[in-house]
Asker: 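To start, I am sharing the structure in question, which I have written as structure tokens.
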Number of protein chains: 2
Amino acid sequence: MASPAVQPPITAPTQCVPRELLESPLFLLGRLGYEVKTEVMDAFEAAGFSAYCYSVLAVLDEGDRETQATIADTLKIDRGQLVGILDELEEHELIERKRDPNDRRRHLVSLTRSGKRQLTGYRRLARRLEDELLGPLGEGERAQLRGLLQRIAGARDTRYVPRP
Amino acid sequence: MASPAVQPPITAPTQCVPRELLESPLFLLGRLGYEVKTEVMDAFEAAGFSAYCYSVLAVLDEGDRETQATIADTLKIDRGQLVGILDELEEHELIERKRDPNDRRRHLVSLTRSGKRQLTGYRRLARRLEDELLGPLGEGERAQLRGLLQRIAGARDTRYVPRP
DNA sequence: TATTGTTATACTCTATAACTATA
DNA sequence: TATAGTTATAGAGTATAACAATA
């Protein structure tokens with residue numbers, strides 16, 4: 001005994017994220033952040049290296065002769081995780097690990113010549129990804145976004161506050 | 001034979017994320033997005049439910065009588081993942097699952113009375129979290145951030161474009 | 001005993017694939 | 001055969017903990 005009135009299709013023609021979620025910067029930040037992160041990782045992976053390689057090389061390019069613990073701390077990644085990344089970088093001779101003669105427990109990690117060159121390539125890739133993912137935003141808007149995110153990040157953790 | 005000149009502490013006094021990463025909106029978006037996501041999840045978890053419960057309830061509050069596939073699609077989560085979330089919500093009688101008499105494969109999911117009430121609570125929690133995590137930003141700035149993120153999200157996926 | 005780097009292990013979230021029941 | 005929901009499984013990515021070497 002079917003109901004006499006034929007029911008119209010109940011599946012919504014276009015599913016759309018609820019307005020209250022779309023209007024939550026937190027929801028958008030979390031969702032976009034996750035998507036961005038995975039896409040960036042995939043892109044770097046496709047280019048041949050782990051996504052963290054760029055970050056690590058960037059750290060080494062600024063501060064000289066860091067120890068592994070410092071690098072891991074700076075990037076908020078696990079020390080154990082960093083080992084694998086450094087292994088990869090060392091295999092390709094982008095970095096060098098040398099025992100610290102003053103404290104033989106430590107490794108002094110430094111950028112090699114070809115590491116510096118590779119860093120340039122990573123920068124180009126990063127720029128390309130930014131253009132891709134932040135495409136709809138103009139220069140001024142990107143700066144605006146950067147400023148806002150920096151404010152949030154800086155308030156959460158001092159290591160996100162640029163040194164004077 | 002220690003070197004005569006005592007080496008100053010080589011560990012940088014303050015580790016700081018490299019400037020070039022801090023100036024990349026992509027890096028900040030990815031990092032903050034991840035942190036925000038996990039913190040929000042933890043907060044909801046601490047409040048007793050999975051973090052997705054709020055999203056699901058919000059969907060149900062807008063569109064009526066959705067099927068599970070529609071909900072999963074809308075929120076870009078896996079159908080299999082959704083099952084567990086709905087189980088949890090149903091256990092606490094926040095939603096109801098009824099077989100669609102027109103197609104007995106489908107479940108018509110709807111919000112219960114106490115589900116609607118719970119949604120209000122979730123909204124309060126979401127507001128609190130937003131205040132917490134976006135604290136350093138004023139009202140205008142939050143709106144700015146929301147607008148920018150909406151632009152990015154909308155360009156990537158039409159389901160992030162608010163319906164007119 | 002404490003710390004550095006390393007290795008091994010477990011856990012969380014997500015993605016994929018097999019299964020059932022209906023169509 | 002194809003689809004909706006369910007269940008089971010495997011896969012990243014990350015976090016925790018044990019380990020050897022050095023201090």
Side-chain angles (χ1 to χ4, degrees), chain A residues 2 7 9-11 15 30-31 33-46 50-53 55-56 65-73 75-91 95-109, chain B residues 2 7 9-11 15 30-31 33-46 49-53 55-56 65-91 95-109:
Chain A
Q7 212 155 318
I10 46 178
T11 50
Q15 346 83 321
R31 191 132 240 338
Y34 174 75
E35 292 182 7
V36 160
K37 190 181 180 185
T38 58
E39 279 182 42
V40 168
M41 289 185 109
D42 288 351
F44 271 89
E45 212 75 46
S50 145
Y52 286 108
C53 288
S55 310
V56 171
R65 314 176 109 238
E66 314 262 0
T67 73
Q68 296 189 193
T70 316
I71 301 171
D73 261 28
L75 294 173
K76 268 201 192 169
I77 59 181
D78 195 78
R79 290 185 183 189
Q81 212 180 337
L82 182 63
V83 173
I85 300 165
L86 290 179
D87 286 346
E88 202 183 333
L89 288 170
E90 198 175 29
E91 252 176 59
I95 61 146
E96 245 183 8
R97 271 192 275 215
K98 285 188 299 195
R99 286 239 169 258
D100 183 344
N102 293 98
D103 183 343
R104 292 189 40 75
R105 290 172 304 184
R106 296 186 169 185
H107 275 162
L108 297 174
V109 187
Chain B
Q7 209 154 320
I10 46 178
T11 50
Q15 345 82 323
R31 190 128 240 341
Y34 174 74
E35 292 181 7
V36 160
K37 190 179 181 187
T38 57
E39 279 181 41
V40 167
M41 288 184 111
D42 289 350
F44 272 88
E45 214 74 47
F49 297 99
S50 146
Y52 286 108
C53 288
S55 309
V56 171
R65 314 176 106 239
E66 313 263 2
T67 72
Q68 296 189 192
T70 316
I71 300 171
D73 261 27
T74 301
L75 293 172
K76 267 201 194 172
I77 59 181
D78 196 78
R79 291 184 183 191
Q81 211 180 338
L82 181 63
V83 173
I85 301 166
L86 290 179
D87 286 347
E88 202 182 333
L89 287 169
E90 198 175 30
E91 252 176 59
I95 59 146
E96 245 183 9
R97 270 193 274 215
K98 286 189 299 195
R99 286 236 170 260
D100 183 345
N102 294 98
D103 182 343
R104 292 187 40 74
R105 290 173 305 183
R106 296 187 170 185
H107 276 163
L108 298 174
V109 187

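The basis for the numbers below is simple: all heavy atoms, side chains too, and nothing from hydrogens, waters or symmetry mates. Chain naming here is simple, since letters A, B, ... match the order of the sequence lines and numbering starts at 1 in each.
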Asker: Do you know which two heavy atoms are closest between B:Thr70 and B:Thr74, and how far apart they sit?
Answerer: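 Heavy atoms of B:Thr70 and B:Thr74 come nearest at O-OG1, 2.7 Å.
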Asker: Would a 4.5 Å heavy-atom cut-off, applied to side chains only, mark B:Leu89 and B:Val109 as touching?
Answerer: no
Asker: How close or far is atom P of D:dA15 from atom CG of A:Leu82, stated in whole angstroms?
Answerer: 13 Å
Asker: Measuring from the side chain of B:Gln68 (C-beta onward, heavy atoms only), which nucleotide among C:dG5, C:dT7, D:dT6 has the closest atom?
Answerer: D:dT6
Asker: Would you tell me if any nitrogen or oxygen in the side chain of B:Tyr34 comes within less than 4.0 Å of OP1 or OP2 on C:dT12?
Answerer: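 Checking C:dT12 against B:Tyr34, no side-chain N or O comes under 4.0 Å of OP1 or OP2.
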Asker: Does any non-hydrogen side-chain atom of A:Glu96 lie less than 4.5 Å from one of A:Glu90?
Answerer: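 SC-SC contact between A:Glu90 and A:Glu96 ruled out.
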Asker: When the distance from NE2 of B:His107 to C1' of D:dT3 is rounded to whole Å, what number comes out?
Answerer: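 Whole-Å distance recorded here is 14 Å.
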Asker: If you assign A:Glu45 and A:Arg104 each to the DNA chain D nucleotide with the nearest heavy atom, which residue ends up on the more 5' nucleotide?
Answerer: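 So the residue in question is A:Glu45.
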Asker: Measure the distance from CG on B:Asp78 to C1' on D:dA12 and round it to the nearest whole Å.
Answerer: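 Spelled out: CG on B:Asp78 to C1' on D:dA12 is 15 Å.
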Asker: Assign A:Lys37 to base, sugar-phosphate, or nothing according to its heavy-atom contacts below 4.0 angstrom with the strands shown.
Answerer: sugar-phosphate
Asker: Would you check if A:Leu75 and A:Tyr52 make a side-chain contact, meaning some heavy-atom pair closer than 4.5 Å?
Answerer: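 In short, these two side chains do not touch, never coming nearer than 4.5 Å.
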Asker: Please tell me if B:Arg105 has a side-chain N or O lying less than 4.0 Å from either OP1 or OP2 of D:dT3.
Answerer: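 Indeed not, no polar side-chain atom of B:Arg105 lies that close.
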Asker: Could you tell me how far apart A:Leu75 (CG) and D:dT14 (P) are, to the nearest whole angstrom?
Answerer: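 For the pair A:Leu75 CG and D:dT14 P, the rounded distance is 12 Å.
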Asker: Reading DNA chain D from 5' onward, which residue's closest nucleotide shows up sooner: A:Arg99 or B:Ala69?
Answerer: B:Ala69
Asker: Both A:Gln81 and A:Asp103 contact DNA chain C. Which one's nearest nucleotide lies toward the 5' end?
Answerer: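 Comparing both residues, the 5'-ward one is A:Asp103.
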Asker: Consider the side chain of B:Thr67, meaning its heavy atoms from C-beta on, and name the nucleotide among D:dG5, C:dA15, C:dG5 that approaches it most closely.
Answerer: D:dG5
Asker: Side-chain N or O of A:Arg79 less than 4.0 angstrom from OP1 or OP2 on C:dT4?
Answerer: yes
Asker: Closer than 3.5 angstrom, by distance alone: can the side chain of A:Arg79 be matched with the main-chain N or O of A:Ala69 as a donor-acceptor pair?
Answerer: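 No, the answer is negative, given that no donor and acceptor are paired below the 3.5 Å cut-off.
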Asker: Without decimals, in angstroms, what is the distance between A:Ile77 CD1 and D:dA12 P?
Answerer: 19 Å
Asker: To the nearest Å, give me how far apart CG (A:Asn102) and P (D:dA21) are.
Answerer: 22 Å
Asker: Check the distance between C:dG5's C1' and A:Asp87's CG and give it to me in whole angstrom.
Answerer: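 In whole Å, C:dG5 C1' and A:Asp87 CG are 11 Å from each other.
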Asker: Can you check the B:Arg106 CZ to D:dT3 C1' distance for me, whole Å?
Answerer: 9 Å
Asker: Looking only at the side chain of B:Met41 (C-beta and beyond, no hydrogens), which of the listed nucleotides D:dG5, C:dT6, C:dC13 gets closest?
Answerer: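 Nearest listed nucleotide: C:dC13.
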